[in-house]
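Chain letters run A, B, ... following the sequence lines, proteins first, then strands; residues in each count from 1. Quick caveat, the model's predicted, so the values are computed rather than measured. Every heavy atom of this structure was used, including side-chain atoms; hydrogens, water molecules and symmetry mates were not.
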Amino acid sequence: MAEGTQESGTEKPREESDDSLSPEERELRARWEREQEQLKWRLVEGDTEEWQEEATFAGLQRVGGLDLSFVKGDEANACASLVVLSYPDLEVVYEDCCMVNLTAPYVAGFLAFREVPSLVEAVERLQDKDPSLMPQVLLVDGNGVLHHRGFGVACHLGVLTGLPCIGIAKNLLQVSGLENDELHKEQIRNLQTGGDTFPLVESSGKVLGMALRSCDKSTKPIYISVGHKMSLESAVRLIHSCCRYRVPEPIRQADIRSRAYIRQNFPHLS
DNA sequence: GCGACAG
DNA sequence: ATCTTGTCGC
């Protein structure tokens with residue numbers, strides 16, 4: 001190994017075009033950025049389905065949730081899970097857990113390149129096994145248009161699958177003027193009950209997403225943004241209706257099941 | 001030294 | 001993402 005060329009110990013993900021990046025890293029990011037720009041042309045930000053216009057989402061019967069859980073201390077091996085819940089009952093009607101081997105590293109701003117291939121495969125397995133259970137909307141861990149280049153993992157997955165998609169992040173991605181500063185914390189304190197929201201406005205004035213107090217019991221909001229084929233207003237309304245706890249039930253179930261799968265198959269290695 | 005950096 | 005169980009409180 002050429003130790004002299006390595007940074008001392010800790011890695012530091014930084015913005016593209018940073019001097020500290022190796023030529024390889026820079027080239028990878030440039031390629032990924034070009035791919036995001038290409039896919040972005042196919043992004044649809046508004047409602048496209050009839051059920052989305054209904055006040056009670058009449059016509060919506062299946063909501064999908066996706067998640068990845070990792071083997072402790074292992075960068076590459078993960079369990080990808082796709083669950084489908086009935087709507088509005090939120091009962092699990094389909095579950096698929098699959099061990100996958102991830103090749104791409106996690107780079108902030110490029111999460112999709114690490115996670116999306118496995119998620120698309122999960123959707124394709126469902127298409128093969130029982131297309132009648134295909135969800136009408138997908139809930140994804142991470143952001144949609146609330147992203148450095150307006151194309152987060154939820155957009156990426158939406159465009160590749162053609163399905164309506166919503167991004168749900170548990171932490172604020174601080175991009176284009178959005179900061180977790182005192183003002184933001186004050187806005188959070190002002191969220192009184194489940195369903196309360198405030199908009200996340202970028203410096204240009206565009207609303208990139210919404211902070212949502214997802215249930216009465218949780219003080220910390222979740223961050224909703226448009227993934228694909230769904231307006232922000234519909235997305236927030238739907239997510240709130242899917243929350244028994246802080247994390248929307250489809251994603252929570254995917255999370256629970258993928259972690260259980262890993263515990264079951266990898267008892268205690270590290 | 002501390003913060004940022006979705007998962 | 002992961003490291004981590006019980007415990008204090010409404």
**Prompt:** Can you name the nearest heavy-atom pair linking Leu163(A) to Met134(A), along with the distance?
**Reply:** CD1-SD, 4.1 Å
**Message:** Can you measure Phe70(A) atom CZ to dA6(B) atom P for me and round it to whole angstrom units?
**Reply:** 13 Å
**Message:** Looking only at the side chain of Val153(A) (C-beta and beyond, no hydrogens), which of the listed nucleotides dG7(B), dA6(B), dA4(B) gets closest?
**Reply:** dA6(B)
Listed pairs under 3.5 Å, donor-acceptor, residues 111-123 of chain A side chains, sequence neighbours left out:
from	atom 1	to	atom 2	distance (Å)
Arg114(A)	NH1	Ala104(A)	O	2.7
Arg114(A)	NH2	Glu75(A)	O	2.7

**Prompt:** Would Phe57(A) and Glu49(A) count as a side chain to side chain contact (heavy atoms under 4.5 Å, CB included) if you check the C-alpha gap in whole Å, the side-chain angles of each, and the deciding distance to 0.1 Å?
**Reply:** CA-CA 10 Å; Phe57(A) 294 121; Glu49(A) 314 299 307; over 6 Å; no
**Message:** Hydrogens and angles aside, do Gln253(A) and Arg257(A) bring a side-chain donor and acceptor to less than 3.5 Å of each other?
**Reply:** yes
**Prompt:** Taking both distances under 3.5 Å as the test for a Watson-Crick or G-U pair, what stems of at least three pairs does DNA chain B have?
**Reply:** none
**Message:** Classify Gly167(A) by what it touches in the nucleic acid, base, sugar-phosphate, or nothing, heavy-atom distance under 4.0 Å.
**Reply:** nothing
**Stem list, DNA chain C (Watson-Crick or G-U pairing under 3.5 Å, at least 3 consecutive pairs)** = none
**Message:** Could you tell me the boundaries of the chain A footprint on DNA chain C, defined by atoms under 4.0 Å from its heavy atoms?
**Reply:** dA1(C) to dC3(C)
**Request:** Using the test side-chain hydrogen bond (donor to acceptor under 3.5 Å, both in side chains), find all partners of Ser258(A) that sit at least two apart in sequence or belong to another chain.
**Result:** Ser69(A)
**Asked** When you check the phosphate oxygens OP1 and OP2 of dG7(B), does a side-chain N or O of Asn171(A) lie under 4.0 Å from one of them?
**Response** yes
**Prompt:** Rounded to the Å, how far apart are Lys170(A) NZ and dG7(B) C1'?
**Reply:** 7 Å
**Asked** What is the nucleic acid contact for Gln174(A), judged by heavy atoms within less than 4.0 Å: base, sugar-phosphate only, or nothing?
**Response** sugar-phosphate
**Request:** Determine whether more than 12 heavy atoms belonging to other residues, nucleotides or ligands lie under 6.0 Å from atom CD of Glu186(A).
**Result:** yes
**Prompt:** Does a salt bridge link Asp47(A) with Lys229(A), judged by any charged N lying under 4.0 Å from a carboxylate O?
**Reply:** no
**Asked** dT2(C) and dC5(B): how far apart are their C1' atoms, nearest whole angstrom?
**Response** 15 Å
**Asked** Do Leu66(A) and Asp141(A) come close enough that some side-chain heavy atom pair is under 4.5 Å?
**Response** no
**Item:** Donor-acceptor under 3.5 Å (Glu25(A) side chain, Ser22(A) main chain)
**Value:** yes
**Prompt:** Would Asp181(A) and Lys185(A) pass as an ion pair if we require N to O under 4.0 Å?
**Reply:** no
**Prompt:** In whole Å, what is the span from the OH atom of Tyr106(A) to the P atom of dG7(B)?
**Reply:** 7 Å
**Asked** Is Arg34(A) salt-bridged to Glu27(A), cutoff N-O under 4.0 Å?
**Response** yes
**Request:** Could you state the atom-to-atom distance from NE2 of His147(A) to P of dG7(B) in whole Å?
**Result:** 12 Å
**Request:** Would you mind reading off the distance between Phe113(A) atom CZ and dG7(B) atom P, rounded to a whole angstrom?
**Result:** 18 Å
Please tabulate, one pair per line, all N/O donor-acceptor pairs under 3.5 Å involving side-chain atoms of residues 198-208 of chain A, not counting sequence neighbours.
from	atom 1	to	atom 2	distance (Å)
Glu202(A)	OE1	Ser176(A)	OG	3.2
Glu202(A)	OE2	Ser204(A)	OG	3.2
Ser203(A)	OG	Ser176(A)	O	3.1
Ser204(A)	OG	Lys206(A)	N	3.4
Lys206(A)	NZ	Glu45(A)	OE2	3.3

**Fill in**
When rounded to whole Å, the CD to C1' distance for the pair Glu179(A) and dC5(B) reads 14 Å
**Prompt:** What is the distance, rounded to the nearest whole Å, between atom CG of Leu173(A) and atom P of dG7(B)?
**Reply:** 9 Å
**Gap between atoms CG and C1', on Asp74(A) and dG7(B) respectively (whole Å)** = 15 Å
**Item:** Nucleotide nearest Arg114(A) (side chain, heavy atoms from C-beta), chosen from dA6(B), dA4(B), dG7(B)
**Value:** dG7(B)
**Request:** Identify, between Lys217(A) and Asp255(A), the residue whose nearest nucleotide on DNA chain C lies closer to the 5' end.
**Result:** Asp255(A)
